[in-house]
Chemist: 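Please read through the structure below; I'll follow up with questions.
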Amino acid sequence: MSPAKEDLDRWRQQGMSNTEIADMLGKSTATVNCLFSKYKIRPRKRSVPEEDIEVFARMRRAGSSTKEIAEKTGYACSTINNYLKAAGLIHNREEAVATVQEPKLPEMFIMAPEKEPKAAEVMVKGHRYIDITDFVIRW
């Protein structure tokens, strides 16, 4: 016997996950997902309360890692990362990589002077190609 649309809607709005509803009904999660689609029940609201976001920010400013915050608050690391990025407390990985300085090799390891690569354009049957005559491998 399938549950009524009203029951499914109420359980979802109470914050129950599809897995919890399936366990309670003795059905598979796929069956519950199909019922939600069949009845066109809207997804539950998944936003994080403002108080919890403030807790994330306070803990981050105190030096806690995302993983530590996740363990203490019960939220997923990805959720915490998203809110901390939005608050400007976590920078993009690309920005962090850009600030890292390139390591310099000791003089004894430099075997040849650095050269700029030479590239020549070649036209063959109406198609442009770039002929690379040298290449540079940087460490």
Side-chain angles (χ1 to χ4, degrees):
M1 182 167 95
S2 293
K5 177 183 177 181
E6 295 77 26
D7 293 332
L8 287 170
D9 192 34
R10 182 171 29 89
W11 293 328
R12 178 166 266 177
Q13 296 311 316
Q14 287 173 351
M16 291 179 72
S17 70
N18 291 7
T19 306
E20 291 171 331
I21 295 170
D23 290 343
M24 184 179 71
L25 295 173
K27 307 256 185 209
S28 71
T29 306
T31 301
V32 172
N33 290 340
C34 286
L35 288 171
F36 282 120
S37 295
K38 174 183 168 184
Y39 293 135
K40 297 181 178 151
I41 298 174
R42 58 185 161 63
R44 64 188 163 107
K45 189 176 178 186
R46 292 181 175 243
S47 64
V48 176
E50 278 297 318
E51 304 83 42
D52 290 350
I53 297 170
E54 291 170 12
V55 170
F56 299 163
R58 204 172 330 112
M59 291 176 75
R60 181 63 180 196
R61 286 187 192 106
S64 297
S65 70
T66 303
K67 187 175 180 179
E68 292 168 340
I69 297 170
E71 289 170 355
K72 291 179 183 172
T73 61
Y75 286 99
C77 287
S78 58
T79 301
I80 294 166
N81 267 330
N82 291 337
Y83 282 99
L84 292 177
K85 278 182 187 177
L89 296 173
I90 291 181
H91 302 290
N92 289 335
R93 187 173 292 247
E94 294 158 1
E95 293 174 6
V97 170
T99 59
V100 175
Q101 292 182 356
E102 217 174 276
K104 301 264 184 194
L105 288 174
E107 289 295 322
M108 63 184 196
F109 288 115
I110 298 175
M111 297 184 198
E114 284 190 24
K115 302 191 276 186
E116 288 297 318
K118 297 176 191 169
E121 285 187 26
V122 179
M123 287 290 273
V124 178
K125 295 183 182 180
H127 296 282
R128 282 181 29 187
Y129 294 92
I130 297 178
D131 178 24
I132 301 175
T133 56
D134 277 332
F135 61 90
V136 177
I137 300 173
R138 296 196 180 218
W139 296 31

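Count residues from 1 along the sequence. Keep in mind it's a predicted model, so treat the numbers as computed, not measured.
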Chemist: About how many Å separate CZ of R58 and CG of L89, when rounded to the nearest 0.5 Å?
Modeler: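 Reported value, rounded in 0.5 Å steps: 12.5 Å.
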
Chemist: Kindly indicate, with the supporting measurements, whether the criterion side chain to side chain contact (heavy atoms under 4.5 Å, CB included) is fulfilled by I90 and R60.
Modeler: CA-CA 9 Å; I90 291 181; R60 181 63 180 196; 3.9 Å; yes

Chemist: Using every non-hydrogen atom in the two residues, find where A70 and A76 come nearest and quote the distance to one decimal.
Modeler: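 Nearest heavy atoms, A70 then A76: CB-C, 4.4 Å.
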
Chemist: Can you tell me how far the CH2 atom of W11 sits from the CD atom of E6, to the nearest 0.5 Å?
Modeler: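 Between atom CH2 of W11 and atom CD of E6 there are 11.0 Å.
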
Chemist: Checking L84 against I69 for the side chain to side chain contact (heavy atoms under 4.5 Å, CB included) test, could you report, in this order, the C-alpha distance in whole Å, the side-chain angles of both residues, the deciding distance, and whether it holds?
Modeler: CA-CA 11 Å; L84 292 177; I69 297 170; 4.2 Å; yes

Chemist: Just how far is it from atom CG of D7 to atom NZ of K5, taken to the nearest 0.5 Å?
Modeler: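 Rounded to the nearest 0.5 Å, the CG-NZ separation comes to 12.5 Å.
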
Chemist: Is the closest side-chain heavy-atom distance between K67 and E71 below 4.5 Å?
Modeler: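 Yes. Closest side-chain heavy atoms under 4.5 Å.
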
Chemist: Using the rule given for side chain to side chain contact (heavy atoms under 4.5 Å, CB included), can you reason through Y83 versus Y75, listing the C-alpha separation, both sets of side-chain angles and the distance that settles it, and then say yes or no?
Modeler: CA-CA 11 Å; Y83 282 99; Y75 286 99; over 6 Å; no

Chemist: Nearest 0.5 Å please: distance from the OG1 atom of T66 over to the CG atom of N81.
Modeler: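 Going from the OG1 atom of T66 to the CG atom of N81 covers 4.0 Å.
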
Chemist: Apply side chain to side chain contact (heavy atoms under 4.5 Å, CB included) to the pair I21 and L8, showing each step before the final yes or no.
Modeler: CA-CA 8 Å; I21 295 170; L8 287 170; 4.1 Å; yes

Chemist: Any chance you could measure T31, atom OG1, to N18, atom CG, to the nearest 0.5 Å?
Modeler: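 Between atom OG1 of T31 and atom CG of N18 there are 11.5 Å.
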
Chemist: What I'd like to find out is whether the side chain of K27 reaches to under 4.5 Å of the side chain of L35, using heavy atoms alone.
Modeler: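 Answer no - side chains too far apart.
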
Chemist: Which distance, rounded to the nearest 0.5 Å, do you find between the CD1 of I80 and the CD of E68?
Modeler: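 Reported to 0.5 Å precision, the distance equals 11.0 Å.
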
Chemist: Is D9 salt-bridged to R12, going by a charged N under 4.0 Å from an acidic O?
Modeler: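 Salt bridge: no.
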
